[in-house]
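Order of the sequence lines fixes the chain letters, A, B, ..., with proteins taken first and strands second; residue numbering starts at 1 for each chain.
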Number of protein chains: 2
Amino acid sequence: MRLTVKSEYGLLAMIDLACRVDEGPVSSREISDRQGIPGKYLEQLFVALRRAGLVGAVRGARGGFTLGRPAAEITVLDIVEALEGSLRPTVCDGERAAVCGRGDACAAADVWERATAAVRGVLESTTISSLARTQVVLDETASTIEPSAGRQD
Amino acid sequence: MRLTVKSEYGLLAMIDLACRVDEGPVSSREISDRQGIPGKYLEQLFVALRRAGLVGAVRGARGGFTLGRPAAEITVLDIVEALEGSLRPTVCDGERAAVCGRGDACAAADVWERATAAVRGVLESTTISSLARTQVVLDETASTIEPSAGRQD
DNA sequence: CTTAAATCATACCGTTTTGGTAAGGATTGT
DNA sequence: ACAATCCTTACCAAAACGGTATGATTTAAG
């Protein structure tokens with residue numbers, strides 16, 4: 001189980017997309033500028049997101065990316081698994097089980113499974129639709145309190 | 001946030017220790033044999049566990065390790081943090097926050113915090129005392145069903 | 001007193017992962 | 001035609017991972 005910047009970048013990008021869902025395709029460049037993500041790196045992430053069906057791509061000038069399905073049907077877990085692979089315990093996996101010889105009869109393995117399940121629970125119960133709404137509110141609050149900051153998203 | 005074999009080995013070792021808490025010090029060698037952990041690697045982990053106060057060391061021949069405090073007061077989180085460092089989100093950390101400029105006003109950061117909190121919840125609510133009890137039961141069941149396997153722990 | 005068993009400490013090392021960059025090809029609106 | 005954009009592949013430095021190697025130190029037992 002690992003969470004790296006891939007997930008972070010990917011989530012920021014997807015939230016960004018969700019906030020502009022009715023403005024047509026949004027370019028990778030635009031998002032990388034706005035979110036402070038290295039452009040070429042983000043392009044790679046979008047490849048993975050597209051292959052997972054989470055975004056649709058429009059090629060050519062004025063092209064960009066759109067959400068692959070309604071924002072309410074895209075969870076953070078979808079994004080994480082598209083970018084980092086299946087979220088499962090990295091410990092006590094198949095090979096290890098062969099070594100320790102305990103199989104299912106291992107108290108330790110159960111802990112890792114419960115920990116992983118807890119993360120999955122959080123990630124799969126959070127949609128980018130709700131995050132986009134939250135972000136909009138946060139941005140409005142920020143620009144009210146500190147107008148100089150303006151819209152960051 | 002990361003969980004590697006360090007945590008796995010460390011937890012197995014601590015459960016092993018907890019199962020033999022009244023047999024005097026248990027050597028690293030004995031545990032590495034029983035749990036199928038590379039001996040020299042386990043030694044390193046014990047150094048970290050000792051520095052964290054989770055085990056006590058008895059040097060010299062017939063030496064070994066003992067639990068640093070009652071098994072009911074040692075959580076899996078203690079072990080994980082002793083071996084892998086503080087369990088916090090690896091994404092949206094200090095440096096990143098400076099780049100994105102959102103500070104607390106970030107919907108994404110909240111997800112990672114909730115995910116981390118979920119893992120912490122599982123790990124800190126599980127003591128090696130309970131795991132040791134579970135393991136004993138599992139071993140007894142296994143040896144009843146399949147006597148040829150014998151005690152593995 | 002010697003020796004074997006054990007912890008302690010540090011350095012090293014091959015492989016994989018991470019977080020990118022580089023270079024160019026393919027597609028399409030203007 | 002041209003510029004913007006996605007697509008593909010290759011490459012790369014640095015760090016982390018999982019482990020070995022070597023040896024020093026301490027101590028019980030013979």
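In this structure, CG in A:L83 is found 8.0 Å from OG1 in A:T4, a value given to the nearest 0.5 Å. How far CZ of B:R29 is from CZ of B:R34: 12.0 Å, rounded to the nearest 0.5 Å. A:L11 CG to B:C106 SG: the interatomic distance, rounded to the nearest 0.5 Å, is 8.0 Å. Note that CG of B:D139 is 10.5 Å distant from OG1 of B:T134, once rounded to the nearest 0.5 Å. How far CD of A:E8 is from CD of A:Q35: 10.0 Å, rounded to the nearest 0.5 Å.
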For residues 40-64 of chain A, which side-chain N or O atoms pair as donor and acceptor with protein atoms under 3.5 Å away, sequence neighbours left out?
none

Name every donor-acceptor pair, under 3.5 Å, that has one atom in a side chain of residues 115-124 of chain A and the other anywhere in the protein, sequence neighbours excluded.
from, atom 1, to, atom 2, distance (Å)
A:T116, OG1, A:W112, O, 2.8
A:R120, NH1, A:E81, OE2, 3.2
A:R120, NH1, A:L87, O, 3.1

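Nearest heavy atoms, B:A18 versus B:L67: CA-CD1, 3.9 Å. Here the closest non-hydrogen pair linking B:A132 and B:I15 is CA-CG2, 4.1 Å. Across all their heavy atoms, A:C19 and A:V136 have their closest contact at SG-CG2, 4.3 Å. Smallest separation of non-hydrogen atoms from A:T127 and A:A72: CG2-O, 3.3 Å.
Relative to the axis of its first five pairs, the axis of the last five pairs of the helix from C:dC1-D:dG30 to C:dT30-D:dA1 sits at 0°, rounded to 10 degrees.
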All N/O pairs under 3.5 Å across the protein-nucleotides 19-26 of chain D interface:
from, atom 1, to, atom 2, distance (Å)
D:dG19, OP2, B:Y9, OH, 2.9
D:dT20, O4, B:Q44, NE2, 2.3
D:dT22, O4, B:K40, NZ, 3.0
D:dG23, O6, B:K40, NZ, 3.2
D:dT25, O2, B:R59, NH2, 3.2

**OP:** Begin with the C-alpha distance, continue with both residues' side-chain angles, and end with the deciding distance and a verdict on side-chain contact (heavy atoms from CB on, under 4.5 Å) for B:Q135 and B:L138.
**Re:** CA-CA 5 Å; B:Q135 190 63 57; B:L138 286 173; 4.2 Å; yes

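Rounded to whole angstrom, the span from the CZ atom of A:F46 across to the P atom of D:dT5 amounts to 13 Å.
Considering A:I74, A:D78, A:T75 as possible partners of A:I128, the one that fulfils the side chain to side chain contact (heavy atoms under 4.5 Å, CB included) test is A:I74.
Across all strands shown, B:F65 has heavy atoms under 4.0 Å from sugar-phosphate atoms exclusively, and none from any base.
Across the interface with DNA chain C, nearest-nucleotide mapping of B:R62 and A:R62 shows B:R62 to be the residue nearer the 5′ end.
For DNA chain C, the outermost nucleotides in 5' to 3' order that have an atom under 4.0 Å from a heavy atom of chain A are C:dT18 to C:dG29.
For A:R50 and D:dT5, the shortest distance from a side-chain N or O to OP1 or OP2 is not below 4.0 Å.
The stretch residues 81-88 of chain A does not touch DNA chain D, since none of its heavy atoms comes less than 4.0 Å from the strand.
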